[in-house]
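Take a look at the structure below.
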Amino acid sequence: MRAKEKTRGMWKRTFSLFGKVRIPWYLYILQVIGGIIAAKVSLLYIPYESALKTGHMDTSDLWAYMGLSLLATAVGIIESVPAFYASAQLARNLQNRMISRSLRLPMPSYEKNASRVISWITLDAGYLDGFIGVLVGFITGIAATVMSIGEMSALDGSLLFIVPIVCVYVIASTWIEGKLMFLRERRGRRAMSEITAYMAEHIGFYRQIKQMNTGKQELERGKKAIDGVYRADIYQAVMTFLVTLFSGSITEMISILVFVFGSVKVRDGTMDISQLAAFESYILVLYQSFSSIPSLYTNIMYYNGTLFYIGGLMSEKEEVYRRGKGMAQQDGDIVFDNVSFGYSDEMPVIKNASFTIPQGKVTMIAGPNGSGKTTLFKLIERFYTPSEGSIRLGESNAEDIHLDEWRRSFGYVLQEPQLFGGTVRENIIYGAEGEVTDEQVENAARLASADGFIKELPGGYGYGVGENGVNLSAGQKQRLAVARALITEPSCLLLDECTCNMDARTERIVNENLFRVMKGRTVVMICHDMRMLENADNVIVLRDGEVEASGEKDEVLKASATLQKLVAANV
Amino acid sequence: MRRKDNGAPDRDSIQIRHKKGLWLRFIKTFFKCRLPFVWLAAHIVLQFGFITLGVDVTDKTAQLFAGDVSVELVSTLILLIIVNIFASSLSLFVSAVTSARINRNMRRSVLKKVLELPLGFFKKENPRDTIYRIVNNSIVVDSTIMLFIIPLVSAVYQMVLIFGRVFKYDWRLSVAMIVFVPIIAFIAFLFGRINFSISDRDAGIHASLTQRLSEMMTNVPLAKAFAKESSEEEKGKSLTSRLYRLTIKSSWFDQLQNLSETAVNLLQAAVMTGIGMLLLNDGTINTRGWVAFFLFSGTFMNAVTDLTLVWGNIKIIQGGADGLVEIMNAESEPKTGEPCERLSGGLKLNDVRFGYVEDVTVLDGVSCEFPENTVTALLGASGCGKTTLANLLTRLYQPQSGSITAGGKDISGFTLDSYRKNFTVVSQNAMLFSGTIRENLLYGNEDATEEQLYDALQRSGAAEFIERLPQGLDTRLEEYGNNLSGGQRQKLAMARALLADTPYLILDEPVASMDAVAVEDIMNILKEQAADRCVIIIAHSPAVLKLAQHVVVLENGRVESEGEASEVRKDSAFVKDFLREKVGE
């Protein structure tokens, strides 16, 4: 029942892609025409080839044979040029649509797909061409089948009874092959995914394995995964054996049938030997073109499998950026009104949180590990929507404000900042709108106490930070992230443990600069270092997703046992 | 020499061609990893049998096409065809089994070797991708044998066999057949060369483009945070259109190659049939000879094509062979030395120098002590060499000069295996894997009793959250323990470390993701632990300073000061500065 539903959904999803991506149909039509011409040429060529094959030829046959061979080559090119153009264009168009969609997915959908979307874009975008290619093959296959039957009946109608035999055999063997291949692939994929998981989860911790001295244990586990792949390989070998026995033997079967019945007719004198050879060639052409018909389903399902996921991605809703109104100059406080939220329904992370983050002040969010502090930030950024309650900015409901303007007005600095593989400068100016002067960049870097180390890097601001910033230390990355946030001149700054990897001196300088620059604007910070309380006007204390206390610092310090405990532990 | 970590594999392979002796070393590695010789032999015998049968089938078919339609011939031919079907399926089966066995043996050998390598073999901190690629690459041996050596030998065998058959009909025919082979080979070689350098460069560009696309996709949250969706989309479009142009270019090149190959093949066919017809017309050969020659020349040309295709496979092989040879010939961690029982006594460094690469010194003559029954704090700014020092203590690397002693004995004298059993390291990145919490805790401590388990959980503070889980210790963790919070993962790692009960315990900045209360708890546990062992904590949290008994401060690869906590508080400029900034003392 469910499988059936999934199949139906599968078709719907794949066909939905047709409406969403620009498809170069004229190239596919050219492919069909080219394919039909190619089939015609290969049929034309058969009588001459058969004459040569049986020694019943003269020089003109030889010339015709040569000429048609040349023609076949030319037609082959005519057929394949539109094919590779179509394939490359369609892949590009689909990639563009997928990129555009992935960038605008709401956070929960993005996270659901994030790890796989990369391989969909880089590897699987060609599957849509594969899908259409199967249809193209189907149409040319039917045309060629019809043409070859015509040639055969012109040659000798009495042997035509072999045609249905071949067709039935092809259908049966395709069906069997499809079943066996499916089992084979499934088993193989499962084994490979086990070994991949082992590699990622175990060997990934190479250093720890050395330190824990568990190399022998890991070798045993690894051997288990390897043996799993081996067993799957053997299973595949058996399947391949059966498949080749059935469908690999079709051409031989055809030869046998033609030789047996044809030789009788040659002995009778009702057929000559070169006609027999020609008949064999025709029926081989028929087989090749006909085989695209029953395998249509298997092939289509193969592409469908992957397109199912791509179609799923493309039918995800995009975030709605334009809402009722824009950000006003003076927006007011951020107010959480009875907000609840969880990444999954069973496990609420934030429970009935109500508090106010006053505009133009510094608010600190404190609480033990896992109390939901970072999640609060993600709700403020509107990466997620509360499952209950509402977030307001001044008098307006956050949901009514344009999403892009909203996010642009917040500067968000994470504990582990995301950098990309460009230069230092490119990373700093990432969020800025329009042209940015060198002074602006250097100024932001100075405020983040980053100018010193940047100048010492080879190439300075032009230094490549490497994929995800691997060429920089954790503290350096944090400083770049601070600079990146400051250069956008946000009206509100969200700081999530953003100085935890800096050394004490740098941390002090960065904090001083931050509070100086942001004076009069809103700052919300998560920190474990209770020294930072000194800089805060307001405090929100979270415990297990609930707000234990919130308000002005002195009041909260009196009211919150958790905060008192945290402060006591710190000094 | 270290392997490049993320460069395109094809770039490496170009260099390989100039690396003398790679092939010899590559073949030698075959023998280091038990090959399934019996299966290989069976495969070769079957393959040759299959080829011979195929030639017989063609020969008999020629007889038929030459006009012999006798029942005897037709039934012989049909029998041969049927046997051939079975032979071909069986040959494929045996070849698949042989491949599977080669791959299994190779993967096992490579994995074993990888686990024995010293950490310094890998350039990156986390060598996961490198190792994954290496283990995957171990199929290169299978590719070499099954896609290169055996097809090569088979194609040559088939050509020789056909040449012999045709020679029997007339020697001139056999000459006509082979006369074009060198030209075909030359063209294939020429295109192979050009294609090699073009596709090599293209593969590099392709890899870097897809790399940038995937980075873009990982950074979507960043784009969202800065509302940069549209400009990212533009970047993406320019990447995909570059990929598009690359694909079109190489497709045109393929067309060109295809065209020139077909042209030569046609020429070859023209010459062959031309000569054959001349001989047939002047009566030198009979119809049967002609038909056989015509059919055989087709299979012969196929064999020649196979041969050129096989040469193409060499490229795939070269990419992987390099890595495999390097890893199989790399030196494993030494197994020599004296085995040690449970060690005791403090750790001492005497004038230790070390750097990961030449010219860049990380530890520049470090002498210090980690006394027994004590919690020692190892402090210093980031990049000063703290973690490196810990790596030397666990012998992940060797000091370039100087020595390290444990309880007065030089640690390099012990076997690695027995030595490392004395250490437990807890780092920020705890190794948790999919499986139950219990399995994760028992990893490395199989013999622990249930009682010890609960004790360790209590002391590490992990008991609290585990008790709240409905399935308790049998709760399944997701990959990397992703369904736990950072603090919870840390507590589990701590519990596992306590369970290991080793004389030396190193905590490498374990507290970054823990709150102040948790830090204090851990330090109290450590003090309790330190009663009969040597504990080292690498961190810069004030709570650590407060509770440590002994302090070592590193600065720029040297010891800035060392001594009892109270002394260091007075003497060390670094600590004074640190305390002023952090605690405001």
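Below, each value reflects all heavy atoms present in this structure, side chains not excepted, and no hydrogens, waters or symmetry copies. Note that the structure is a prediction, hence the values are computed from the model and not measured. So you know, we letter chains A, B, ... as the sequences are listed, proteins then strands, and number each from 1.
Within the 4.5 angstrom heavy-atom criterion, only side-chain atoms of Ile121(A), from C-beta onward, approach chain B. Only the side chain of Tyr198(A) comes within contact range of chain B, judged by heavy atoms closer than 4.5 Å. Proximity to chain A is limited to the side chain of Leu295(B), based on heavy atoms less than 4.5 angstrom apart. Of the two parts of Val238(A), the backbone and the side chain both hold a non-hydrogen atom closer than 4.5 Å to a non-hydrogen atom of chain B. Contact annotation for Glu116(B): only backbone heavy atoms (N, CA, C, O) come within less than 4.5 Å of a heavy atom of chain A. For a residue to count as touching a neighbouring chain, one of its non-hydrogen atoms must lie under 4.5 Å from one of that chain's; by this rule Ala500(B) does not touch chain A. Interface remark: Thr210(B) contributes backbone and side-chain atoms alike to the contact with chain A (heavy atom separation under 4.5 Å). With a threshold of 4.5 angstrom between heavy atoms, Phe420(A) approaches chain B through its backbone and through its side chain. In this structure, chain A has no heavy atom under 4.5 Å from any part of Val57(B). For chain A, the nearby part of Leu280(B) is the side chain; its heavy atoms alone come within less than 4.5 Å. With a 4.5 angstrom heavy-atom cutoff, Thr488(A) touches chain B only via side-chain atoms. With a 4.5 angstrom heavy-atom cutoff, Glu111(A) does not touch chain B via any of its atoms. Ser231(B) does not touch chain A: none of its heavy atoms, backbone or side chain, sits under 4.5 Å away. Interface remark: Leu243(B) contributes side-chain atoms only to the contact with chain A (heavy atom separation under 4.5 Å). For Val71(B), the parts sitting under 4.5 Å from any heavy atom of chain A are the backbone and the side chain alike. Both the backbone and the side chain of Ser214(B) come within contact range of chain A, judged by heavy atoms closer than 4.5 Å. Contact annotation for Ala72(A): neither backbone nor side-chain heavy atoms come within less than 4.5 Å of a heavy atom of chain B. Both the backbone and the side chain of Phe65(B) come within less than 4.5 Å of a heavy atom in chain A. Looking at Ile248(B), both its backbone and its side chain come within 4.5 Å of chain A, counting heavy atoms on both sides. Both the backbone and the side chain of Leu117(B) come within less than 4.5 Å of a heavy atom in chain A. Proximity to chain A involves both the backbone and the side chain of Ser251(B), based on heavy atoms less than 4.5 angstrom apart.
A donor-acceptor contact shorter than 3.5 Å is absent between the side chain of Trp290(B) and the backbone of Thr54(A). In this structure, the side chain of Tyr230(A) does not engage the main chain of Asn103(B) through any donor-acceptor pair within 3.5 Å. A distance-only check finds a donor-acceptor pair linking the side chain of Glu215(B) to the backbone of Gly421(A) [under 3.5 Å]. Within the 3.5 Å criterion, the main-chain N or O of Arg395(B) finds no donor-acceptor partner in the side chain of Lys210(A). Side chain of Arg108(B) to main chain of Ile226(A): no donor-acceptor pair is present (N/O by atom type, distance under 3.5 Å, no hydrogens or angles). Under the 3.5 Å distance criterion, the side-chain polar atoms of Asn213(A) are left unmatched by any main-chain donor or acceptor of Arg420(B).
Here the closest non-hydrogen pair linking Met66(A) and Ala270(B) is CE-CA, 3.1 Å. Nearest approach of Tyr321(A) to Glu229(B), heavy atoms of both residues: OH-OE2, 2.7 Å. Summarising the geometry of Ser255(A) relative to Ile81(B), their closest heavy-atom pair is CB-CD1, 4.3 Å, with the distance given to 0.1 Å. The two residues Leu396(B) and Gln211(A) come nearest to each other via the heavy atoms CD1-NE2, 3.7 Å. Nearest heavy atoms, Ser241(B) versus Arg92(A): CA-CD, 4.1 Å. Of all heavy-atom pairs between Ile85(B) and Ser249(A), the closest is CG2-CB, 3.5 Å.
Heavy-atom pairs under 4.5 Å with chain B were tallied for Thr244(A), Ile256(A), Asn93(A); the largest tally goes to Ile256(A). If you tally non-hydrogen atom pairs under 4.5 Å between each of Gln236(A), Gln89(A), Met107(A) and chain B, the highest count goes to Gln89(A). In terms of heavy-atom pairs under 4.5 Å with chain B, the best-connected choice from Gln217(A), His56(A), Lys216(A), Gln95(A) is Gln217(A). Chosen from Tyr412(A), Phe383(A), Trp406(A), the residue pairing most often with chain B at heavy-atom distances under 4.5 Å is Phe383(A). Chain B forms more heavy-atom pairs under 4.5 Å with one residue of Gly215(A), Ser409(A), Gly411(A), Ser69(A) than with any other, namely Ser69(A). Ranked by heavy-atom pairs shorter than 4.5 Å toward chain B, the options Ile209(A), Thr122(A), Ile77(A), Leu219(A) are led by Leu219(A).
Of the charged side-chain nitrogens involved, none lies within less than 4.0 Å of a carboxylate oxygen, so that Glu381(A) and Lys224(B) do not count as a salt-bridged pair. The existence of a salt bridge linking Asp233(A) and Arg101(B) is excluded, since no basic side-chain nitrogen approaches an acidic carboxylate oxygen closer than 4.0 Å.
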side-chain contact (heavy atoms from CB on, under 4.5 Å) assessment of Met431(B) paired with Arg207(A): CA-CA 10 Å; Met431(B) 176 184 181; Arg207(A) 170 196 299 266; over 6 Å; no
Leu111(B) and Glu218(A): CA distance, side-chain angles, deciding distance, side-chain contact (heavy atoms from CB on, under 4.5 Å) verdict: CA-CA 9 Å; Leu111(B) 182 67; Glu218(A) 288 303 335; over 6 Å; no
Pair Leu276(A)-Leu64(B), side-chain contact (heavy atoms from CB on, under 4.5 Å): steps then yes or no: CA-CA 10 Å; Leu276(A) 181 138; Leu64(B) 176 85; 4.3 Å; yes
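Side chain to side chain, Gln208(A) and Tyr443(B) fail the donor-acceptor criterion of an N or O pair below 3.5 Å.
How far OG of Ser91(B) is from CZ of Phe241(A): 11.0 Å, rounded to the nearest 0.5 Å.
Within 6.0 Å of CZ on Phe84(A) lie more than 12 heavy atoms contributed by other residues, nucleotides or ligands.
Under the side-chain hydrogen bond (donor to acceptor under 3.5 Å, both in side chains) criterion, Ser70(B) pairs with Asp68(B), sequence neighbours left out.
Seen from the ring of Tyr430(A), Lys235(B) does not count as a face-on cation partner, given the 6.0 Å and 45° thresholds. The side-chain tip of Arg221(A) points at the ring of Phe433(B) from less than 6.0 angstrom away and within 45° of straight on.
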